[in-house]
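In what follows, a single structure is set out as structure tokens and then discussed.
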Amino acid sequence: MSHIERNLIAGAWWEGAGSLENRNPSDLDDLIGHYAIASPEEVADACAAAAEAQQQWRYSTPQIRADLLERIAQGIAKRELEIATMLAREEGKVLSEALAETRRAMQIFRFYAGEALRLSGESIASVRPDIDIETRREPIGVVGLITPWNFPIAIPAWKVAPALAYGNSVVLKPAELTPGTAHLLASIIHEAGCPAGVFNLVMGQGASVGAALVDNPHVRGLTFTGSVPTGRRIAQRAAVDMKRVQLEMGGKNPMVILDDADLDVAVEATLNGSFYSTGQRCTASSRLIVQASIHDAFVEVLAKRMASLKVGHALASDSQIGPVVSAEQLAINLRYVELAAAEGCEVVGGERIELGTRGYFQRPALFLGASASMQVSQEEIFGPCASVIRVEDFDEAMLVANGTPFGLSAGICTRSLKYSREFRRQVQSGMVMVNLATAGVDYHVPFGGTKGSSFGPREQGRAAAEFYTLSKTSYQFAG
Ligand code: ADP
């Protein structure tokens with residue numbers, strides 16, 4: 001077999017036990033490479049190395065950590081086109097989106113380089129005489145990071161950067177569909193001079209490699225982004241050992257269009273939120289809740305714009321929508337397209353298409369005439385598909401918007417101050433967008449959801465310190 005890309009454990013590259021093939025979903029004849037599967041012993045070694053490295057790293061100065069993160073940011077910037085090309089090849093995001101995501105990762109490392117210097121505690125007077133109290137934030141220790149395929153560099157970045165900034169050591173288990181981008185990031189972190197064992201990469205399947213990481217006794221914190229069933233399993237396993245957990249899972253994000261909306265703004269926000277990145281975002285708008293009086297006009301313009309989106313090879317400069325990530329995901333999407341018709345929707349688009357290369361190409365889809373309770377309006381699909389639900393007024397829109405087990409992101413298009421304010425107050429979600437797509441967030445503010453979408457403290461921004469650090473309260477008597 002050809003060269004195998006290896007795992008990074010205790011500062012050295014290890015061959016693993018077997019390998020996984022990485023192929024381009026835009027062109028199945030394009031073999032990207034072979035990536036090592038970490039053996040159970042290697043996962044144990046990575047966690048032990050992280051625990052050992054922790055002894056020094058947790059006491060490193062903020063300057064040392066800030067400098068490392070800054071060098072990682074520079075390493076990403078220097079290789080941004082190489083990373084973005086890998087990302088587009090293995091995940092299927094179009095190159096412009098892949099480049100934007102890569103730059104986002106660079107900005108995240110830079111942001112946390114600054115945050116490493118800003119971590120602070122409190123000094124509080126005791127209720128007793130001559131005693132001083134101080135709180136400080138300390139690292140958790142070894143943190144296990146389990147990441148999905150849909151943001152192959154941004155999500156690892158927004159977990160690795162705060163983990164390192166606050167003095168933790170890391171074992172990263174990236175998604176098996178997108179090891180290439182994570183491997184490039186690992187090389188950059190290694191070459192930036194990260195001390196051996198402070199950052200480790202273990203690639204391979206979730207059920208074996210991921211589960212071994214979750215169960216390892218050195219690991220004191222687990223941060224996961226992925227599906228609800230996996231998140232639930234990780235939380236259950238973590239509870240047995242009292243590990244700290246942070247979970248980001250699915251969404252069924254509503255986009256409400258009221259009849260006073262600016263039609264162009266509404267259509268742009270919806271096209272972006274529902275279909276860009278092939279709908280493969282946990283913040284995608286998968287339920288379009290449209291007031292009856294604007295419904296037909298909105299659907300007409302949206303359907304026309306949707307039909308003109310260019311579906312194509314992720315590296316082709318005129319492509320706007322890349323392929324679906326895998327055969328399994330394409331089969332799921334196509335099953336939901338069939339189900340939408342069976343449940344009584346008029347389906348526009350959604351068919352698989354053949355292009356010049358063997359890839360998983362699918363046209364974006366609208367499920368017209370959907371009701372709020374249909375399966376296609378309740379379950380996360382994770383493809384370029386959106387249910388269109390007609391409602392009479394704001395109150396009904398609000399009920400429908402809140403009527404799923406999820407609560408990640410929610411959007412409304414309106415020019416009414418009253419309704420946008422009410423929506424921001426009443427909607428059950430971690431993020432609210434007014435006249436903006438539900439997807440597409442800033443990196444320096446909290447990210448996360450409510451209800452079944454998230455569990456544990458928020459990610460990103462300064463909020464990340466709540467997960468990656470523990471508070472210690474110390475008392476000192478002056479005498
Ligand atoms: P998706 O549907 O996005 O693939 P998953 O939840 O299956 O969602 O995958 C997200 C991440 O979780 C991936 O890195 C995957 O390998 C990992 N994973 C899957 N199953 C497990 C498990 N039982 N234990 C730990 N990690 C897992």
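FYI, side chains are in, hydrogens and waters are out, and symmetry mates aren't considered; it's all heavy atoms of this structure. Whatever order the structure lists ligands and atoms in, that order sets their numbers, starting from 1. Computed from a prediction, not measured in an experiment: that's the story for all the values here.
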What residue and heavy atom of the protein are closest to [atom], and at what distance?
atom: atom 15 (C) of ligand 1; answer: Glu176 OE1, 3.5 Å
atom: atom 22 (C) of ligand 1; answer: Gly206 O, 3.4 Å
atom: atom 25 (C) of ligand 1; answer: Gly210 C, 3.3 Å
atom: atom 14 (O) of ligand 1; answer: Thr147 O, 2.8 Å
atom: atom 5 (P) of ligand 1; answer: Ser227 OG, 3.6 Å
atom: atom 3 (O) of ligand 1; answer: Trp149 NE1, 3.6 Å
atom: atom 23 (N) of ligand 1; answer: Arg233 NH1, 3.4 Å
atom: atom 17 (C) of ligand 1; answer: Ile146 CG2, 3.6 Å

Considering non-hydrogen atoms only, spot the tightest contact between Ala192 and Ile72 and give its length. CB-CG1, 3.8 Å

Show the nearest heavy-atom pair for residues Ala116 and Ala66, with the distance to one decimal. CB-N, 4.2 Å

Should Leu213 be listed as contacting ligand 1, given a heavy-atom distance under 4.0 Å as the test? no

For ligand 1, is Pro229 a contact, meaning one of its heavy atoms is under 4.0 Å away? no

So, is the end of the Lys93 side chain (NZ or CZ) under 6.0 Å from the ring centre of Phe151 and within 45° of the ring's axis? yes

Could you tell me, atom by atom, which parts of ligand 1 come under 4.0 Å of a heavy atom of [X]?
X: Thr225; result: 10 (C)
X: Phe224; result: 6 (O), 10 (C), 11 (C), 12 (O)
X: Ala211; result: 24 (N), 25 (C)
X: Pro174; result: 14 (O)

Under-4.0 Å heavy-atom contact between protein and atom 9 (O) of ligand 1: no

If only side-chain N and O atoms count, and only distance matters, is there a donor-acceptor pair under 3.5 Å linking [Y] with [X]?
X: Glu91; Y: Thr178; result: no
X: Tyr360; Y: Gln329; result: no
X: Gln280; Y: Asn150; result: no
X: Gln54; Y: Ser169; result: yes
X: Lys159; Y: Thr223; result: yes

Hey, does the side chain of Arg363 reach the backbone of Leu309 with a donor-acceptor pair shorter than 3.5 angstrom? no

Can any side-chain N or O of Trp158 pair as donor or acceptor with the backbone N or O of Tyr443 at less than 3.5 Å? no

Test your reading of the structure: does Gln205 have an N or O sitting under 3.5 Å from an N or O of ligand 1? no

Do any N/O atoms on Thr230 end up under 3.5 angstrom from N/O atoms on ligand 1? yes

Asn24 vs Glu90, side-chain contact (heavy atoms from CB on, under 4.5 Å): CA-CA, chis, key distance, verdict: CA-CA 5 Å; Asn24 182 344; Glu90 69 176 355; over 6 Å; no

